[in-house]
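In what follows, chains carry the letters A, B, and so on, assigned in the order in which the sequence lines appear, proteins first and then strands, with residues in each chain numbered from 1.
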2 protein chains.
Amino acid sequence: MKSQKAGFHSLRRLLEEKNIRPSFQRMKILDYLRKSKDHPTAEMIYRSLLSEIPTLSRTTVFSTLKLFYRKGLISQVFIDESEMRYDPITKPHPHFKCLKCGRIFDLDMECPYGSLKSVNGHKIYECHMYFVGICKDCLNKG
Amino acid sequence: MKSQKAGFHSLRRLLEEKNIRPSFQRMKILDYLRKSKDHPTAEMIYRSLLSEIPTLSRTTVFSTLKLFYRKGLISQVFIDESEMRYDPITKPHPHFKCLKCGRIFDLDMECPYGSLKSVNGHKIYECHMYFVGICKDCLNKG
DNA sequence: GTATCTGCAAAACATTTGCAATTCT
DNA sequence: AGAATTGCAAATGTTTTGCAGATAC
C-alpha cells in the first residue's frame, strides 16, 4: 500500500505508453493529478509540488499539462471563468460546480451521449457536460 | 420586417423586464447578440459595434455582458481556451465546437437533464453540454 | 554529442479596477 | 442635483514565448 516504487513504476509505464519521456517533473505532475479529486488548476499543482521540487517553474507545469492533454493522458475541464482545470480521467463524465464552496467534483452518473461518435453528421471527439449550482453540503449548512 | 423601431422597442422591453436601464450601448450589444449565431466573444462584439459607436470601450462591453449574465438575460459559454463566449439563449442546449473551422454552433437536440432541478442532492442552476470534433462541412471538404 | 527538457524573464492576452467625465431622470 | 453609466488608463492574473543552461539517451 505504501510502496512508492510500485507507484513510480506505474507512472513511468503510463507515460511511456503515450510516448512521453518519464522525467521526474512529469511523473510528479501526473502523480499529483491522479491522486487529486478536485480537478486542480496549473497553479494548484505548481504550489503543491514546489516544496518537493523547489526549482520547479510554472512554465514546466503549463507545458507538461499541455503535453499530457495532447497525448490523451488527461482531459481539460472548462468550468472556471479564469483558470483551466485538469482531470486525470479522459472518459466523458459530468461535473458539478458549486457556486458557494467553489468545489468542482465528479458526479456519480454516466455522461449521456458519452459514447456517441457523431451528431447530425458532425464527428465527435470529445463530450463535455457539467452542472452549476449549490452542492449538498452547502445546502445542509444553510 | 425592416422596421428598426419595432426592434428597438422589443430590445428596450427585454432590458426593462430584467430591470436593466436601456442605454444605447446596452441595446446595441443585446441586438448584436440576438442576431448572431456564432456565440461571439466580447472582442467580436466590440469590433463589430465600433464602426457604429466609435467611442465604445471594451470595458463597457465586458461590464454589460457581465450585467446581462447576472440578470439572466444571456448565458456564458465556456468552450474556448482563451475567451469567454456569450449566448442570447438561456435555455440549456448543447453546442458543437469544430476543431477545424473553429465554429461554435447550436446542436439541433435537447439538452439531456436540461430540466433537472437536482442531482444526488445537489441543487442545479445551470446545465452545460458540448461536443468537440469536426463539423459536417469540414468533413465534406476533406 | 545531439535531442529533449527545464526554468527564468519577458511578453501576450483577456478581463478587472479606479476614477473622472458624461448622461439620464 | 443625484444616481447610474461610460470609457480611459493602469493593474491583474493566466498562459505563452524565446532562449540559455541542464539533463537524458
Side-chain angles (χ1 to χ4, degrees), chain A residues 8 11-12 15-16 18-33 39-71 73-86 102 104, chain B residues 8 11-12 15-16 18-33 39-71 73-86 102 104:
Chain A
F8 267 27
L11 289 171
R12 183 179 293 272
L15 289 169
E16 283 171 347
K18 299 281 185 182
N19 285 312
I20 301 168
R21 288 235 287 239
S23 75
F24 182 64
Q25 285 89 335
R26 287 172 180 174
M27 294 215 288
K28 279 296 183 185
I29 291 169
L30 182 58
D31 188 40
Y32 182 91
L33 272 165
H39 307 75
T41 65
E43 185 68 19
M44 286 159 75
I45 299 169
Y46 169 71
R47 283 185 193 277
S48 296
L49 296 179
L50 204 53
S51 52
E52 258 186 292
I53 317 169
T55 60
L56 185 68
S57 86
R58 262 175 264 260
T59 307
T60 301
V61 177
F62 277 116
S63 67
T64 300
L65 290 168
K66 192 160 238 185
L67 176 71
F68 286 179
Y69 172 68
R70 277 204 317 269
K71 298 283 190 175
L73 194 56
I74 63 174
S75 59
Q76 295 183 326
V77 183
F78 298 98
I79 294 190
D80 243 31
E81 316 222 356
S82 48
E83 286 172 279
M84 171 81 79
R85 287 171 173 273
Y86 297 89
I104 290 169
Chain B
F8 267 27
L11 289 171
R12 183 179 293 272
L15 289 169
E16 282 170 348
K18 300 282 183 180
N19 285 312
I20 301 169
R21 287 234 286 235
S23 76
F24 181 64
Q25 285 87 335
R26 288 172 179 172
M27 294 216 289
K28 279 297 183 185
I29 291 170
L30 182 58
D31 188 39
Y32 182 91
L33 273 165
H39 308 75
T41 65
E43 185 69 19
M44 286 158 74
I45 299 169
Y46 169 72
R47 283 185 194 276
S48 295
L49 296 180
L50 204 53
S51 52
E52 257 186 293
I53 317 168
T55 59
L56 185 67
S57 85
R58 264 174 261 259
T59 308
T60 302
V61 177
F62 277 117
S63 68
T64 300
L65 290 169
K66 191 160 238 184
L67 176 72
F68 285 179
Y69 172 68
R70 278 203 318 270
K71 298 284 191 173
L73 195 56
I74 63 173
S75 58
Q76 295 182 325
V77 182
F78 298 98
I79 294 191
D80 243 30
E81 315 221 358
S82 47
E83 287 171 279
M84 171 81 79
R85 286 171 173 273
Y86 298 89
I104 290 169

Original post:
With the sugar-phosphate defined as primed atoms, P, OP1 and OP2, and the base as all remaining atoms, what B/S/- string results for nucleotides 4-13 of chain C, 5' to 3', for protein heavy atoms under 4.0 Å?
Top reply: SSSBBB----
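Taking 90° from 0 as the syn/anti boundary, the base of dA3(D) is oriented anti.
Rounded to an integer number of Å, the gap from CZ of Phe78(B) to C1' of dT15(C) is 13 Å. Between the C1' atom of dT6(D) and the CD1 atom of Ile29(B) lies a distance of 11 Å, rounded to the nearest Å. Summarising the geometry, the separation between CD on Glu16(A) and C1' on dC25(D) is reported as 12 Å, rounded to the nearest angstrom. The separation between Met44(A) atom CE and dT14(D) atom P is 12 Å, rounded to whole Å. Taking atom CG on Leu65(B) and atom P on dT16(C), their separation rounds to 10 Å, with Å as the unit. Going from atom CE of Met27(B) over to atom P of dT23(C) covers 16 Å, rounded to whole Å. Taking atom CZ on Arg12(A) and atom P on dA24(D), their separation rounds to 11 Å, with Å as the unit. Across the protein-nucleic acid pair, Tyr69(A) atom OH and dT15(D) atom P stand 14 Å apart, rounded to whole Å.
Taking CD1 of Ile29(A) as the start and CG of Leu49(A) as the end, the distance is 6.5 Å to the nearest 0.5 Å. Remark: Ile45(A) CD1 to Leu65(A) CG distance equals 4.5 Å, nearest 0.5 Å. Between the CG atom in Leu67(B) and the CZ atom in Arg21(B) there is a gap of 11.5 Å [rounded to 0.5 Å].
The pairing partner recorded for dA3(C) is none, the criterion being a Watson-Crick or G-U wobble arrangement whose two distances lie under 3.5 angstrom. With a cut-off of 3.5 Å on both pairing distances, dT23(D) has no Watson-Crick or G-U wobble partner at all.
Across the interface with DNA chain D, nearest-nucleotide mapping of Pro22(A) and Arg85(A) shows Arg85(A) to be the residue nearer the 5′ end.
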**OP:** In sequence, state the C-alpha distance, the side-chain angles, and the governing distance for Leu15(B) and Phe68(B), and then conclude on side chain to side chain contact (heavy atoms under 4.5 Å, CB included).
**Re:** CA-CA 9 Å; Leu15(B) 289 169; Phe68(B) 285 179; 3.6 Å; yes
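Considering every non-hydrogen atom in both Tyr46(A) and Leu56(A), the closest pair reads CE1-O, 3.4 Å.
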